[in-house]
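Please read the structure below before turning to the comments.
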Amino acid sequence: DVKVTQSSRYLVKRTGEKVFLECVQDMDHENMFWYRQDPGLGLRLIYFSYDVKMKEKGDIPEGYSVSREKKERFSLILESASTNQTSMYLCASIPGQGYQPQHFGDGTRLSIL
Amino acid sequence: GQNIDQPTEMTATEGAIVQINCTYQTSGFNGLFWYQQHAGEAPTFLSYNVLDGLEEKGRFSSFLSRSKGYSYLLLKELQMKDSASYLCAPAPRGGSARQLTFGSGTQLTVLP
């Protein structure tokens, strides 16, 4: 079974802090994704990566950056956290070929005070 | 871009049948995913339809009409544990195939 692990289930940070959310997958998947999920808005794609050091913007990249230095790890960075970034953050991965279902981590509920 | 529409909420009774609809407008389409998400948990994969028609998988079935931009998820013999949000996600064709856009989800409540 694919395992996608997010480093924290719950995280509380302060406005202006630099925040790192980590995601690790153990199936050698090429593609990794970061979403945020808010009530009434569903899952929205922030960034995705299709290979090491490669990244593409999703629908809502503003205020975020990402890092993919190793294939198994995809980090989401909030450069200067703001209260409107309080949300549930979900990481997902899929292999490189075909239309495979995304495998999600358990999510990180981030609160910015 | 993609435009996805599904009902926000539905309520049904244990043992009943419920149909959750999803309509989409997308430029370039390969197939459509359905996911289930329980409160506070990650989405889990239910089905992926590429061809027109109904695909059955136990108590859950999924239907696709490519020409109408329409899909539905059919849940039979509802159980309390089926209370969850159901997300539809059209999969684009081609270079952006890995990138999904999810609907806002239909929150299903199953009552005893």
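Numbered from 1 within each chain, the chains take letters A, B, ... in sequence-line order.
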Is it the case that over 12 heavy atoms from other parts of the model lie below 6.0 angstrom from the CZ atom of R14(A)? no
Of the listed G40(A), G42(A), P101(A), the one with the largest count of heavy-atom pairs under 4.5 Å with chain B is P101(A)
Aromatic plane relationship, F29(B) with Y24(B) - under 30° parallel, 30 to 60° tilted, over 60° perpendicular: parallel
Tell me, out of A42(B), P43(B), G31(B), G103(B), who's got the most heavy-atom pairs with chain A below 4.5 Å. P43(B)
Validation row: L54(B), Y72(B) side chains within 4.5 angstrom (heavy atoms): yes
Might you confirm whether atom CD of E77(B) has over 12 heavy atoms from other residues, nucleotides or ligands at distances under 6.0 Å? no
Using 30° and 60° as the class boundaries, would you call the ring planes of H103(A) and H29(A) parallel, tilted or perpendicular? tilted
Can you pull out the residues in residues 59-71 of chain B with any heavy atom less than 4.5 Å from chain A? none
M80(B) and L73(B): same hydrophobic cluster, using ILVMFWY side-chain contacts below 4.5 Å? yes
Identify, with sequence neighbours excluded, every residue that meets side chain to side chain contact (heavy atoms under 4.5 Å, CB included) alongside T108(A). Q6(A), S8(A), L11(A), L21(A)
Counting only non-hydrogen atoms closer than 4.5 Å, does L41(A) touch chain B with its backbone (N, CA, C, O), its side chain (CB onward), both, or neither? backbone
Quick check on R9(A) against chain B: is it the side chain, the backbone, both or neither that has a heavy atom closer than 4.5 Å? side chain
Let me know if Q107(B) has heavy atoms under 4.5 Å from chain A in its side chain, its backbone, both or neither. neither
Is a salt bridge present between R44(A) and D38(A), judged by a nitrogen-to-oxygen distance below 4.0 Å? yes
